[in-house]
Amino acid sequence: MYINPYGADPVTLAADLANRRPRTSRELVDRCREAGVTIDRSASDADLGNLLTFLDDWLVVVDTTDPRERATALNALLAEHAGPPRLTDHDGHWHVHYRADDVSFARVLTTMFSVGTALHLTSRGIDRLARCAADDCDAVFADTTRNGRKAYCSTRCTNRCAVRRHRARA
């Protein structure tokens, strides 16, 4: 089965890159490769700068909790970073791209993150992108849980807050 790259994985990668910004284009490529992104073009310092600017705009979507305002912010990213869908078989599998083939590395990522976020929020729920509920953490996460009640970015934050609540009651 061929897995469409426009789904939960790109949103999770976008959150990871927003939480821990890459400092070099090499680090960006390495982290994308570790996340399973197919790297078929080079990345430059300009790509890194464009991606970091995109992540600032993407965080507006994360931090907007009103569903209509969130949709408006995401629609602006889609309009700027994604193109009309089209079929391609450049890798031997027919699938959909939302960009031209000859775009920069940053554009590949920003398209993937924009479309992936839209598909994630429309298939799982418009509220499934948030910041950690822990008082001392502002990490971003995409809620991919079955029940959609994730409130913390990690097990560590979940456990720390549970311990604090327990100690406050004791």
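Along the sequence shown, residues are numbered consecutively beginning with 1.
Taking each heavy atom of Ala43 and Ser25 in turn, the nearest pair found is O-OG, 3.8 Å. Of all the heavy atoms in Leu55 and Ala14, the pair that sits closest is CD2-O, 3.9 Å. In plain terms, the two heavy atoms of Leu119 and Ser123 that are nearest each other are O-OG, 2.7 Å. Nearest heavy atom pair, residue Glu80 against residue Arg107, reads O-NH2, 3.3 Å. Here the closest heavy-atom approach between residue Val11 and residue His120 is recorded as CG2-CB, 3.7 Å. Pairing each heavy atom of Ala18 with each of Trp58, the nearest pair is CB-CZ3, 4.1 Å.
Of the inter-residue distances, the one linking Asp127 atom CG with Asp66 atom CG reads 12.0 Å to the nearest 0.5 angstrom. The distance from the OG1 atom of Thr24 to the CG atom of Leu28 is 8.0 Å, given to the nearest 0.5 Å. Interatomic distance, CG of Leu129 versus NZ of Lys150, reported as 11.0 Å (0.5 Å rounding). Atom-to-atom distance recorded for Arg124:CZ and Ile126:CD1 is 14.0 Å, nearest 0.5 angstrom. For the atom pair CG of Leu74 and CD of Glu69, the computed distance is 13.5 Å after rounding to the nearest 0.5 Å.
Within the 3.5 Å criterion, the main-chain N or O of Val62 finds no donor-acceptor partner in the side chain of Arg131. At distances below 3.5 Å, at least one donor-acceptor pair connects side-chain atoms of Arg70 with backbone N or O atoms of Val61. One N or O on the side chain of Asn19 and one on the backbone of Ala15 form a donor-acceptor pair closer than 3.5 Å. Proximity of a side-chain donor or acceptor of Arg41 to a complementary backbone N or O of Val103 within less than 3.5 Å is detected. Judged by distance alone, the side chain of Arg86 and the main-chain N or O of Val96 form no donor-acceptor pair under 3.5 Å.
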Extract all donor-acceptor atom pairs below 3.5 Å that involve side chains of residues 135-142 and protein atoms in other chains or at least two apart in sequence.
| unit_1 | atom_1 | unit_2 | atom_2 | d |
| --- | --- | --- | --- | --- |
| Asp136 | OD1 | Arg160 | NH2 | 2.7 |
| Asp136 | OD2 | Arg160 | NH2 | 3.1 |
| Asp136 | OD2 | Arg164 | NH2 | 3.1 |

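Side-chain contact between Asp16 and Thr12 is absent, with no heavy atoms from C-beta onward closer than 4.5 Å. Thr145 places a side-chain heavy atom less than 4.5 Å from the side chain of Arg128. Put simply, the side chain of Leu51 does not reach to within 4.5 Å of the side chain of Phe105, judged on heavy atoms. Thr110 has its side chain out of reach of Asn50: every pair of non-hydrogen atoms, C-beta onward, lies at least 4.5 Å apart. The side-chain heavy atoms of Phe54 and Leu17, taken from C-beta on, include no pair separated by under 4.5 Å. Looking at heavy atoms from C-beta onward, Leu87 lies out of side-chain contact with His95 at the 4.5 angstrom threshold. Between Pro22 and Leu52, the closest side-chain pair of non-hydrogen atoms falls below 4.5 Å. Annotation: side chain of Cys32 is in contact with side chain of Leu13 (closest heavy-atom distance under 4.5 Å).
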**Prompt:** Going through the distances and angles, do Val115 and Leu78 end up as a side chain to side chain contact (heavy atoms under 4.5 Å, CB included)?
**Reply:** CA-CA 7 Å; Val115 174; Leu78 288 166; 3.9 Å; yes
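Hydrophobic clustering of Ile, Leu, Val, Met, Phe, Trp and Tyr side chains at less than 4.5 Å, counting indirect connections, keeps Leu109 apart from Val60.
With no hydrogens or angles considered, a side-chain donor-acceptor pair links Asp47 and Ser44 at under 3.5 Å. In summary, the side chains of His81 and Ser114 do not present any donor paired with an acceptor at a separation below 3.5 Å, with no hydrogens or angles considered.
Within a 6.0 Å radius of CZ in Arg21, other residues, nucleotides and ligands contribute more than 12 heavy atoms. Sparse packing is recorded around CZ of Arg156, with 12 or fewer heavy atoms of other residues, nucleotides or ligands lying under 6.0 Å away.
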